[in-house]
Amino acid sequence: MKYDEKYHIILPKEKYENMVQLWMHSEGSKIFKKKLNDFAREMNVHFNMVRIKNVKTIWGSCSSKKNLNFNFRLFFLPESLIDYVCVHELAHLKQMNHSKEFWNEVEKQIPDYKKRRDELKRYI
């Protein structure tokens with residue numbers, strides 16, 4: 001389901017259509033898009049496309065083609081954790097690994113990222 005040119009939602013339509021439609025027209029989707037774009041601007045990175053998917057074991061990922069993927073369950077978490085996941089994936093646009101340089105990029109935006117990362121582990 002295409003949300004707009006940059007945002008695609010990839011979920012089984014028959015199972016999630018009502019929930020996705022509700023989310024797409026909610027304040028939550030507008031806030032998410034704004035936050036992601038604001039963080040990208042602050043971090044001076046650019047992404048191609050965002051996909052919202054139904055995945056079981058991760059909250060987000062970043063491809064070498066600069067596409068960002070997010071678990072749709074992310075949007076049911078506290079806002080501080082959504083911010084952390086957004087920044088984490090955007091940092092991969094600078095460092096496609098989990099090196100010290102990568103974590104430095106995350107820490108510039110989310111100084112308490114370790115606390116948030118630990119809290120996030122409770123949810124998956």
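Quick note: residue numbers are just sequence positions, from 1. Side-chain atoms are counted along with the backbone in the values below, which use heavy atoms only and exclude waters and symmetry mates.
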At what distance, to the nearest 0.5 angstrom, does [atom1] of [X] lie from [atom2] of [Y]?
| X | Y | atom1 | atom2 | result |
| --- | --- | --- | --- | --- |
| Glu119 | Asp112 | CD | CG | 9.5 Å |
| Asp83 | Leu77 | CG | CG | 11.5 Å |
| Met96 | Cys62 | CE | SG | 4.5 Å |
| Trp103 | Lys100 | CH2 | NZ | 12.0 Å |
| Met49 | Leu68 | CE | CG | 10.5 Å |

Considering all heavy atoms of both residues, which atom of [X] and which atom of [Y] are nearest to each other, and what is their separation?
| X | Y | result |
| --- | --- | --- |
| Ala40 | Leu90 | N-CD1, 3.7 Å |
| Gln95 | Phe102 | O-CD1, 3.6 Å |
| Val87 | Gln109 | CG1-CB, 3.8 Å |
| Arg116 | Leu81 | O-CD2, 3.5 Å |
| Lys53 | Asn69 | CE-OD1, 3.6 Å |
| Phe47 | Val50 | CE1-CG2, 3.5 Å |

How about His88 and Tyr113: are their ring centres within less than 6.0 Å of each other? no
Under 6.0 Å between ring centres: does that hold for Trp59 and Phe70? no
Passes salt bridge (Lys or Arg N to Asp or Glu O under 4.0 Å), Lys108 versus Glu42? Steps please. CA-CA 10 Å; Lys108 286 177 192 174; Glu42 287 174 30; over 6 Å; no
Decide yes or no for [X] and [Y]: does some side-chain heavy atom of the first lie under 4.5 Å from some side-chain heavy atom of the second?
| X | Y | answer |
| --- | --- | --- |
| Leu120 | Tyr84 | yes |
| Phe72 | Val55 | no |
| Phe32 | Glu79 | no |
| Leu74 | Ile52 | no |

Could you go step by step and tell me if Asp38 and Arg41 meet the salt bridge (Lys or Arg N to Asp or Glu O under 4.0 Å) rule? CA-CA 5 Å; Asp38 288 349; Arg41 191 170 32 262; 2.4 Å; yes
Does any N or O in the side chain of Asn67 come within less than 3.5 Å of the main-chain N or O of Ser63, such that one atom is a donor and the other an acceptor? no
Donor-acceptor under 3.5 Å (Lys94 side chain, Met43 main chain): yes
Walk me through whether Lys115 and Asp118 qualify under salt bridge (Lys or Arg N to Asp or Glu O under 4.0 Å). CA-CA 5 Å; Lys115 178 180 164 233; Asp118 290 344; over 6 Å; no
Less than 4.0 Å between a side-chain N and a carboxylate O, is that true for Lys114 and Glu107? no
Determine whether His46 and Leu93 satisfy the following criterion, side-chain contact (heavy atoms from CB on, under 4.5 Å), listing intermediate values before the conclusion. CA-CA 8 Å; His46 304 279; Leu93 296 171; over 6 Å; no
